[in-house]
Each structure stands twice: as C-alpha cells, then as structure tokens.
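Structure, as structure tokens:
Chain identifiers are assigned alphabetically (A, B, ...) following the order of the sequence lines, protein sequences preceding nucleic acid strands; residue numbering begins at 1 within each chain.
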Amino acid sequence: MSTCTEPILRATILSMSKYPFHEIELKWQQYWEENNTFKVTEDSSVPKEKRTYVLDMFPYPSGAGLHVGHPEGYTATDIYCRYLRMKGHRVLHPMGFDSFGLPAETYAIKTGTHPEITTKQNIEKFRQQIRRLGFSYDWDREISTHEATYYKWTQWIFLQLYKKGLAYLAEIPVWYCEALGTVLANEEVIQSSEGPRSEIGGHPVVRKPLRQWMLKITEYAERLLNDLEDLDWPESIKAMQRNWIGKSVGANVRFSLADHEGSLEVYTTRPDTLFGATYMVLSPEHPLVDAISTPEHRAEVQKYQQQAALKSDLERTDLAKDKTGAFTGAYAVNPMNGKKIPIWISDYILISYGTGAIMAVPAHDERDFAFALKFGLDIIRVVASEKGGTVSLPMEEATTEEGFAINSGDFSGLSTQDCKEKIITWLEQQGLGRRAINYKLRDWIFSRQRYWGEPIPLVLTDEGAIYPIPEDQLPLALPMVESYKPAGTGESPLATVTDWVNTTLPDGSGIPGKRETNTMPQWAGSCWYYLRYLDPTNDKEFAGRDKIDYWMPVDLYVGGAEHAVLHLLYARFWHKVLYDIGAVNTVEPFHRLVNQGMITSYAYQRSDGTLVPTDEVEEVSQGSWKETKTGLPVSQVIAKMSKSLKNVINPDDIIQEFGADSMRLYEMFMGPLRQSKPWNTNGLIGIHRFLDRIWRLAEKPIVDDQAPVELKKSLHKTIKKVGEDTNSLDFNTAISQMMIFVNDSYKFEHRFKGTWAPFILCFAPYAPHLAEELWQREGNKSTLAYEPFPDFDPALTIDDEVEIVLQVNGKLRAKIMAARDLGATELEALARANDRIQEYLESSQVLKVVAVPGRLVNFVVKPRG
RNA sequence: GCCGAAGUGGUGAAAUAGGUAGACACAGAGGACUUAAAAUCCUCCGGCCCUUAUACGGCUGUACGGGUUCAAGUCCCGUCUUCGGCACCA
C-alpha cells in the first residue's frame, strides 16, 4: 500500500480504537518515574549469576531526533530486562548520549549557536522520545560524553595510555578532509567510484602529511585477534574484525644489492616461492629509491614518484588496476640462486605495509603477474599442483594455490607448507631472513582538528617537549571560542584561542608552553561509557572498583552492525589497556553481542532501475504499482529509509497514532531481531488490534471458577513459550503465542481468575503500560515490574491426544487422533485399521513400516504382482 | 575477486536431535450484526486438476540441479540470485 492512502488508514484506526493508550501510557510513565521503579543499586546478597548488565548502544543526539531503528534494539533489551527482573535478576540497564560530534559543530559554524546549546536541546528531545516508549532505564545513571564530569575521565584514560607509551606524535600522511576541516581515521574513509570520500557527508578527502596523535592499537593486535575466540558475538562481526586486523604470517628476507652497499628487506607470506622471484618492487616512497636509482633512470623514477604522490588521493586506490611503474636501473641478488634481478618502483606497493618493498613472484601472485606481463619481466614457475609435476609456459594466469616446489634447487619436491618452513630455517641459518608477522591494522589516528571534542590534556614547549597535565588538574575544560571554523591550516579552531593556548608548564616552573589544540575523535567517549554507567557521579575514579567487580562484564550488548570494526574494536582496545593497568576485572568488555537488523522501507523502482519517491506511486491492483505522473508500471523493492524516497517513518507519529505499546510490539513482531526487515504500517494495525482485543477482553466479567482445561493448557503453553522465546530474544514467536492465547480466550464469555492474572504478567515485558493498567484494575496496588514471572505446569503444556499422520510411501493419506505416548505396535495396528490406509494396503505388499509414537506411521509398499 | 548472512504464499514470517510445510499477522474473499458504513465477531484463503458447484480426492510445491533416507525447507555435493563487509595488505 502506498503512503498516499495512509491518512485515511490512520483515521480509520483512530475511530476503531477503544483503548485509551495515551492516557494509560503517560500515566504509567509518570508512575515509574515518580516511584523510581527502575532504579538499581548493588546488593551483595544477589548472587553473581543473577546480576545482569544489559547495554544498548547509546545514540548520538542528532537534530533529527530518534529514528525507527533506535527503538528496535532498545525495545528488545527493554523486554529482556523486564523479563529478567520478573525472574529475580538484578538488572543494570542504563542510557546516555554520545554527545560530542561533528553535526553539532557543523551547525555551530553555520549558525553561530554554541554546540553545547544545540547538544543540550537535542539530548532533551531524545530523552523525551525515549521516555515516551516506556523503557525501563535507570535514569539516575544517565551520562553525556560532552559533560566535563564525564570527559574528565576520558582525558584521564588518555593520560594512562600516554604513560604506557601507547600515545605518540607522528608526522604522517593522513586523510584530510577540506570540507570537514579535519583529519579522518582510515576507518572513517570510504572508497567510492569517484575516489576516497569521508564516511560522514561523502566529501572528498586527500592524503596530507600532518602532525597527529596516534594510539598504538597495533601493539594489541594479537590479543584483539585471539580474544575474539571466547566472545559470544555474531560470527560475521568476528570475521570482520579478524579481517580488519588482517594477520599474516611469513618471513622478512634480505636481498643484497648488486652494485651497491647495503641490502633490501622484503616481507613475503610465500618464502617457498623465493626461487621464482624475478624482480623486486619498491613503494615510490621507499627511502632507498633515491640512493639506488642509476643516473640514466633517475629522471624517469622521479617523474613516477611525483605522479604517484599527486594521484595518491584519487587514482592510486582506483578500481582500474592497470599496473604502472618505473625501473630504477638497479639490481638485487636473489639469495637462493644468485641471479641478478631488476628493481622497480610501483604504486601497487604500499609504504605502510610490511617493509614497503616486495620480491615479485609473477608466476604465483596475480598482481606481480600483471606487472610482469605489462613490462615484459621474467616469469618462473616454482610451484606445481602435483608432486614431481611439470608445468608449461606461457601461463594464462598466476597460480596462487599451494602445491609442491619445483625449480627450487634442493627444496624441489617439498610441499608448500614444508618448503616454507625449510626455507625460513635456511634463511635464518644464513642470516638472510627471519620469521615475521604482519597486520593490516594500523595505529589509530587519535586527533581531530575540531572544537567539539575532548581537549587532549597535554602542554608542549617550543622545543617539542611534552608535559601531561597532572591528573588532579583534570578536567581540562573546553574553552569558549569566537568562531568554530577550523583555522584552515589544518589546525583546530582552538588554535585561535590564544589565552587558552598559551599557558605555563604544569610542573610549576613557570616556563611558557602551548596547549595541544587537537581534540579527540568521537570514538573516544564511547570507548568506555559502559564503565561510567556503573558509577556515574564518582569524582575520585572513573568508576569504583567494587561497582566494576559487581557488574562487569556486560552480559548483553545490542546495537547496529555498522559499528563492527570502529567502536567495537576501539572499545575492546581501551578495555584491555585498563585491564593491563589493573583498573578493570575482565579482558573483554562485552561478553555477548547481538546486532539488530536494519529497519528498511519499501520503495518503487522504474524499469530502468531508478527509484521513485513513495508519494508519487499508486497501487493499481494487488502487487502492482504505477508511477502516478507517467502511468508507467513500477515494481516494489526494499530500500533504506531516506528523505528523498519519502519513506522515512517517524516514531513520534507512530506513538501519537497507535501508542508506544503498539510501536514496541510491532517492531518485535516484524521478524527476527537480528534480521533486517521492511516497515509496513499495515502490519502495525494487526498489532494494535491485538492490544485492543486484550483491552476488550478485560471488559468481560471475571469469575472465580476453574478455567476450562483447554484454556488452562493454552495459558501454560503460552507461559512456557513466552519465557523461552524471551530468553532467546525470539520476540516475534513469543508474540504469536500470546495472540493464540487471546484468540482462545475469546471463545469464552468470561474471564477466569486463574488464567487472567498470569497472562497479564506474561505480556507485561512486551506491552508494559497496558499490562500495568490491567494489573491495577485487578486490584493490585503497585507496579508489576518485580512480580515473579508466572510458572508453568509442564503437564499442562502437553496434549494427551495428538494427531498422528498416516503415510503410504511417504505421502500423507490420513490423519487419526491417538494418545501421545501410544507405542509403535499399537500405532501400527490403529493405522492398519484405518479405511483409507486399508485401500492402499489391499493392492500392495508392505515392505516396511515406520511408526514414530506421537508423530506418524509410514507404510513402505510396492504394488503386488 | 575474497569473507559473511540469506533465498519459504499476494506480503511480514513460522516450522531444523530429518517426521502433517505455511503457525501468528497483514492484504483478499464470503457471512453475521447494522437503516447504512466503520468497527467488531465468525468462516475460507500456496498452485494446478477432478467436480455443475460443493464434499471427497489427486498431482505439485520451501531459489535451481543432483544425492543420502521409509521420510528432506531441514543433511551432503554443485549452480544461481540478493544483501552486508573487505578489496592491490605481498
């Protein structure tokens, strides 16, 4: 259904709705707030396994307000927390705001409004929206990363990193974004068809050497990789992190130069192919290039270097993988066979990986193969697929598979694995090389040339000496500024605040110094916020150790998959550093991670593949649509919500028209939590109807009589399934089961005391407002939030009589009712007695009978005669 | 190209120690109530065929092609498609 009909739809729903959801929801939200219903404290009598920390990824408070994606994860954790409380758990469930960030600053540049003001307003709006959904957060623990009481400790942690030598200054080529006026981390730059772009805003970025603070995350690469093993995380996220860390094992090998002093070191993962190295390639930035280039080739080499530097921002990572390069005129010596091999430079070799130089084995590496082909370099095969195999030339393409060494002197015949080991050992004995490990992971560029971030608490002298600000002088507050515009020189707007920048050294010597003007990236605040929730007002420590020991690690962390390698890797890194200095009790912060799927929306596509905004389409008949303007048919597709497609759903509108309980339930009923799924307002109506049916059910008179056994059974099956499914976060099927119970209840004129109260408690985690209201109407005086979740009687969840399927050759021929536990022999007898089955058996010979009690009987037959 | 996830009615989806495919819901059809409409309640609802129509029944069906099994959405082999991530990392 296209949205053009939605106003009518909504009017319809409003007129049909009997239950006063607004009144009820506001009433109970106020009750929870006034009674501090969800405030949680540490009680040492609660056993460790009943203390549960359930965490949501906190939002960046943008001006746009809450998106439908936010309530999805938040509802899931809220249902889970409410369920756990009813199961006797002590639950820590906090919320806060990731409130430093670019959009507030961009807005400040445009309007002159201080980011603090807009941030405050946005937080207020977000808080209202989140409260209106009835989530059971302990709001006393709310934190915002931009507040000095919070970033004091972000700065403190930075100083710990600095003290451990994990923070350092470097003048390195970094991604610089003119439009954003700042440097970006590798992870914040995406490759588009037009070249590299900033992830935020899609602005062009260029590589530029600038002075930056770096964090040595690479020092933790191995642990970040290994410790993934024990985490209960989605395999896909673990894979993405492994891939990002990009560990490879190989060897560094030294090649001596033919006509020069010194040598050239390369990194290779295939030392077994050393005999096939027919040339070498250096990165254009490699320090040896100038020294070894011969006079005849120098001009060409320099020209290539300049080209590479110029195009580095665009074409160097271009999709067109046509190889380019220049010959230096110099030669190296292959240590295995003493052959002289030419040294080239090419931009397909990155200065930042390995040693910035490679030995090229064109026969067994695709890139080297393409390069050799283009420049007519030798290709020697040194790996055959079979032992003792021979190979033919020319090759069509490089063979990268493992096999057995050939043309490799004494090493010929060895398997790839074996050969690697033997060659490395040999190199080590000769002093020509050693085992080596490399990671794709780079150190984290930790500074931003922005205003709206945590100031880095350091003072520098003119000579470049660095003085950390003493911990007892933190926080180093962000000063007020006149202009939020970056200085334009690659420096932050803070550089223009001279009376802040110019200070004296913190050692009390009175010697003048300058403050660091870079600020921290947005990721800094979110690296440790889960720890601050534990003890949000502590001004002596970032969090009391007793609180950390009480709650950590986070038992369940729910959020979007878009943070797979950024936030989640950085937070793990900081946590490990804190662990190493003895500040936290676990090596990993988040034990279990669940990614909610994205909520998408419908869009419409023309035959040429272009998309049409939803409001320019109408439905012709079921399942077919046309573009209103042209009358041409369009097809329905699933797309991300976007303003341009006019298919963005605003949670405020949904709550206004259907209520928070409907919104919560619908987002859970749409499909499995982890799966992405399209929003369909029609589906919401079904949920709203369900809640309305509960409301009207409550109007039926209630009696003390025993409920009929079939209703009791329905209830106990419901309690069982809702409990199990809530526990495993399968909310959609839990809701289905509750619908079945309500449908069953409608078969009776009355409600029954024995089934009604347990049912209210059963759905309370899902639609808490409605449940509280109905609970109160039954005469209860206080919240049901801590009432025990009802128990089920296993005997009542099993049907004594079940349908048994009768099959002949695996095909369904009849169904009979039989006792669930009836034995195979008796079942077979019953089946043989069945008329329909007799018809089939009369003309056939029974070869085999499979009888499964409680399930089926299958006769395997063949025609007689 | 590599890694990961997934393909089930008109739609969102259920069901995997292998055992009735489509629970629940939306949309649709029919009926009850109503002066009428909405709302509500009840019934039907994968496709094809048989049948005047029904009932009964038959065939077929979980992306496609094979296989294992008394029995496959579920297990195995191969192929295709979609989505997400990475992409000259030697």
Side-chain angles (χ1 to χ4, degrees), chain A residues 1 11-13 15-18 191 234-240 242-244 246-248 250 266-270 273 281 316-319 321 323 346-350 352-361 365-368 370-371 438-442 561-562 564-565 595 597-598 600 602 621-624 636 638 666 669-672 674-687 689-690 692-693 696 730 732-733 735-740 743 746 803-815 836 847-852 854-861:
Chain A
M1 175 157 320
T12 302
I13 289 299
S15 72
M16 86 179 198
S17 183
K18 282 185 181 155
Q191 299 301 330
E235 209 35 60
S236 59
I237 299 287
K238 288 194 193 180
M240 278 158 82
R242 283 192 194 107
N243 184 276
W244 194 263
K247 180 179 181 176
S248 79
V266 300
Y267 171 70
T268 177
T269 54
R270 291 295 298 271
T273 61
V281 193
R316 199 160 161 171
T317 51
D318 206 346
L319 297 173
K321 291 184 181 167
K323 296 279 180 287
S346 173
D347 62 10
Y348 82 93
I349 304 307
L350 310 173
S352 52
Y353 185 79
T355 62
I358 62 149
M359 64 174 206
V361 185
D365 182 281
E366 285 167 30
R367 297 151 300 186
D368 297 346
F371 192 86
N438 263 296
Y439 301 92
K440 284 199 248 176
L441 185 71
R442 305 293 147 81
E562 66 271 21
V565 286
N595 292 125
M598 201 182 2
T600 52
Y602 289 113
S621 61
Q622 195 168 48
S624 84
Q636 192 179 51
I638 287 169
Y666 174 59
F669 186 63
M670 286 169 81
R674 299 161 182 83
Q675 192 173 303
S676 81
K677 45 221 169 247
W679 180 277
N680 184 352
T681 303
N682 282 331
L684 181 64
I685 291 167
I687 283 291
R689 207 175 275 164
F690 165 62
D692 197 50
R693 266 163 80 79
R696 284 182 288 110
D730 295 315
N732 54 332
T733 47
I735 294 168
S736 294
Q737 183 60 42
M738 291 189 274
M739 287 173 167
I740 291 171
N743 291 344
Y746 261 79
E803 199 171 53
I804 302 292
V805 171
L806 307 184
Q807 298 179 331
V808 177
N809 285 342
K811 289 193 176 172
L812 176 70
R813 295 303 176 192
K815 295 171 183 176
R836 295 260 313 131
L847 301 175
K848 185 176 178 181
V849 181
V850 182
V852 183
R855 295 256 186 217
L856 55 65
V857 182
N858 186 15
F859 293 92
V860 185
V861 304

Quick one: label A:S352 by what it contacts on the DNA or RNA (base, sugar-phosphate, nothing), any heavy atom closer than 4.0 Å. nothing
A:I735/A:I687 under side-chain contact (heavy atoms from CB on, under 4.5 Å): CA gap, chis, key distance, verdict: CA-CA 9 Å; A:I735 294 168; A:I687 283 291; 4.2 Å; yes
Taking all non-hydrogen atoms of both residues, which atom of A:A564 and which atom of A:I237 are closest, and how far apart? CB-CD1, 3.5 Å
Under 4.0 Å from OP1 or OP2 of B:U20: is there any side-chain N or O of A:K811 that close? no
What do the steps show when you test A:Y348 against A:I358 for side-chain contact (heavy atoms from CB on, under 4.5 Å), and what is the final call? CA-CA 10 Å; A:Y348 82 93; A:I358 62 149; 3.9 Å; yes
Indicate, with a heavy-atom threshold strictly under 4.0 Å, whether A:I740 touches base, sugar-phosphate, or nothing. sugar-phosphate
Its contact letters, B for base, S for sugar-phosphate only and - for none at protein heavy atoms under 4.0 Å, make nucleotides 41-49 of chain B read S--------
Convert the base pairs of RNA chain B into dot-bracket notation, remembering that pairs crossing earlier ones are written with [ ] and that bases paired across to another strand are shown as |; include only Watson-Crick or G-U pairs under 3.5 Å. (((((((..(((......[....))).(((((.......))))).((((.......))))..(((((..]....))))))))))))....
For A:R855, does the CZ atom sit with more than 12 other heavy atoms under 6.0 Å from it, leaving out its own atoms? no
Say you pick atom P in B:U69 and the same atom in B:G84; how far apart are they, in whole Å? 41 Å
What interatomic distance, in whole Å, is found between P of B:U20 and the corresponding atom of B:U35? 49 Å
By nearest-heavy-atom nucleotide on RNA chain B, the more 5' of A:E803 and A:Y353 is A:E803
How is A:S236 classified with respect to the nucleic acid when contacts are heavy atoms under 4.0 Å: base, sugar-phosphate, or nothing? sugar-phosphate
How long is the straight-line distance from OG of A:S346 back to CG of A:D368, given to the nearest 0.5 Å? 9.5 Å
Between B:A71 and B:C64, how far apart are the two C1' atoms, rounded to whole Å? 22 Å
For the side chain of A:V850, counting heavy atoms from C-beta on, which of B:C86, B:U11, B:C70 is nearest? B:C70
Nearest to side-chain heavy atoms of A:N732, which nucleotide of B:A13, B:C70, B:A23: B:A13
Would you measure the distance from the P atom in B:A39 across to the matching atom in B:A23 and give it in whole Å? 23 Å
Any idea which of B:G19, B:A14, B:C24 is nearest the A:T733 side chain? B:A14
When the P atoms of B:A29 and B:G78 are considered, how many whole Å apart are they? 47 Å
With sugar-phosphate meaning primed atoms plus P, OP1 and OP2, does A:F690 contact a base, only sugar-phosphate, or nothing at under 4.0 Å between heavy atoms? nothing
Mind checking ring pair (Phe, Tyr, Trp, His ring centres under 6.0 Å) for A:Y666 and listing every partner two or more places apart, or none if nothing turns up? A:W679
Pick the P atom in B:G66 and in B:U60, then give their distance to the nearest Å. 15 Å
Of the listed nucleotides (B:G12, B:A90, B:C88), which one gets closest to any side-chain atom of A:Y602? B:G12
Give, for atom CG of A:D730 and atom CD of A:Q737, the distance between the pair rounded to the nearest 0.5 Å. 13.0 Å
The nucleotide from B:A90, B:G57, B:U20 with an atom nearest the side chain of A:V805 is B:U20
5'-most by nearest nucleotide on RNA chain B - A:T355 or A:Q675: A:Q675
Among the candidates B:C86, B:A90, B:A71, find the nucleotide nearest to the side-chain atoms of A:N858. B:A71
What's the closest nucleotide to the side chain of A:K848 if the choices are B:C70, B:A25, B:C86? B:C70
Is the phosphate of B:C56 approached by A:R813 (side-chain N or O, under 4.0 Å from OP1 or OP2)? no
If we take the C1' atom in both B:A17 and B:G12, what is their distance in whole Å? 29 Å
Answer with base, sugar-phosphate or nothing: what part of the nucleic acid does A:P234 contact at a heavy-atom distance below 4.0 Å? nothing
Does B:G9 sit syn or anti, given that only angles within 90° of 0 count as syn? syn
Please determine, for the side chain of A:W244, which listed nucleotide (B:C59, B:C24, B:C86) has the closest atom? B:C86
Of the candidate nucleotides B:A25, B:G4, B:G19, which contains the atom at the shortest distance from the side chain of A:A239? B:G4
Using the P atom on both, measure B:U8 against B:U82 and round to a whole Å. 14 Å
Nearest to side-chain heavy atoms of A:K323, which nucleotide of B:A90, B:C88, B:G19: B:C88
